[in-house]
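Accompanying notes for the structure given below.
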Protein chains: 4
Amino acid sequence: MFVYKRKVQYHETDRMGISHHSNYVKWTEEARMAFLDYVGAPYENLEEEGIISPVVGLEVEYKKTSTFADRLEISVFVEKYNGVRLNLRYAIRKTGSDEVITTARTRHCFLKNGAVCSLKSCVPQVHAVLKRAAEEYAADSV
Amino acid sequence: MFVYKRKVQYHETDRMGISHHSNYVKWTEEARMAFLDYVGAPYENLEEEGIISPVVGLEVEYKKTSTFADRLEISVFVEKYNGVRLNLRYAIRKTGSDEVITTARTRHCFLKNGAVCSLKSCVPQVHAVLKRAAEEYAADSV
Amino acid sequence: MFVYKRKVQYHETDRMGISHHSNYVKWTEEARMAFLDYVGAPYENLEEEGIISPVVGLEVEYKKTSTFADRLEISVFVEKYNGVRLNLRYAIRKTGSDEVITTARTRHCFLKNGAVCSLKSCVPQVHAVLKRAAEEYAADSV
Amino acid sequence: MFVYKRKVQYHETDRMGISHHSNYVKWTEEARMAFLDYVGAPYENLEEEGIISPVVGLEVEYKKTSTFADRLEISVFVEKYNGVRLNLRYAIRKTGSDEVITTARTRHCFLKNGAVCSLKSCVPQVHAVLKRAAEEYAADSV
């Protein structure tokens, strides 16, 4: 299991006294980038190939709150990867607890020069890395 | 139809050259607050009653991008309101265009002293306002 | 006097119950862009000429706080403009009050292809606009 | 020397391709909180005593840019501490480089129940910790 660790910052809280819900979206991005680094497909390498991977869909379920100084652990799972689409799932817990406080899903495509591209043909070596990662970190293991 | 207008700011773009996807989440909050003002149930009045309304769920579909200096119009619709739960839907267009570039849904509950509260019993006059708004700005009119 | 109006958003507050101090920096950017629009030198036009204008220095004095739902008015003044350097000053008040709650100064240069450029030679018509604006909105009129 | 390490996140870049300048302000906060943890005066402990420490002044000098995936090291120094006022200075470098890309200074006071308080009398043990830290991490050692 891949886990990204993150402390909640003061600037991420709001006047309800909790982490503002928009920050969880940023944290999924941070966890995703760390995951891509970890499996060997850093996002900056994709960018160097002229490929970007925008978010096309996003879902978040907020079950419990977090706040400043909480230490969070974000597990990242691959729900789907076929070279053209990448769907990831995330489970956020506080360090030392098994309770999932937030779950999320992000869906991504890949674009090159503004057009959809398949990593399988554009960057086969990155495709191979992501395909292996998709098996190893499959979402059904959540 | 209620429409919240918003210009995309430079600090909301990322190095892909587009509005970062986390900002759309902030914009739904801004549109929601403006909607509550407009229908006569300002959020700050709820807070003064000791009531908060956290986001419990969030979904965004990113269809087209936006970037700095774009003028956006965010329509707000009520999908569900029963005193205990409020679900809103949002459609984002660029000013002067009919094309919806992003849709979103947020789900909310109401809490008082940390416990779920029904606006119907806690603040009946706010409940009446929101019930009327839910009819007038129903999501099936999207 | 040029004034940019802005409501404080919920997502801009922190758990101290006030607007997080980093947002004032974003607000100076918003006010600066609105000022450039107003005087006839929109930032996006500079970008189209391949020119960017990064912030090289920043100072903020926080005298009073603001919070969610406050309506702010940000006055923008030109402290210095010589084609190569642009220094702006800002005074933030709450609508309906004369009291300045925050002052700020930002300093900018202009870059083209990574090198410092003088607007006087790069884009003389923009230079003329900014020169006139610098006189009309001079900081000594604060 | 105390150093806070931080990777630049994608959501912190703007369409100039660099870290947006407002993020450096957030990073000084993160570094400050980490510094307070490190010297034994965690900010959350101050909050538990009913004390807050708002930023009253801020200065940033942007010398070089940073962008996504850069690893930054933020050194924190105490410029002044007298129980009532705390001024900190920051020097930001990229990991592996001696070049300072950004310097910053933040100035803070301490408030309890809305009034200025002296940590020396309010929380003498925290005062002692900060006094010692002020000596050990004095800014003249920059």
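Naming: A, B, ... by sequence-line order, numbering from 1 per chain. All of these numbers come straight from a predicted model, not from anything done at the bench.
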A quick test of your reading: do over 12 heavy atoms of other residues, nucleotides or ligands sit less than 6.0 Å from [atom1] of [X]?
X: A:Lys7; atom1: NZ; answer: yes
X: C:Phe2; atom1: CZ; answer: yes
X: A:Lys112; atom1: NZ; answer: yes
X: A:Lys131; atom1: NZ; answer: no

Relative to the ring of C:His20, is the ring of A:Tyr10 parallel (under 30°), tilted (30 to 60°) or perpendicular (over 60°)?
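Rings of A:Tyr10 and C:His20: tilted, 30 to 60°.
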
Taking A:Thr13 for the side chain and C:Arg15 for the main chain, is one N or O donor matched with an acceptor at less than 3.5 Å?
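Yes: the side chain of A:Thr13 pairs with the backbone of C:Arg15.
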
At what distance, to the nearest 0.5 angstrom, does CE of C:Met16 lie from CG of A:Asp14?
14.0 Å

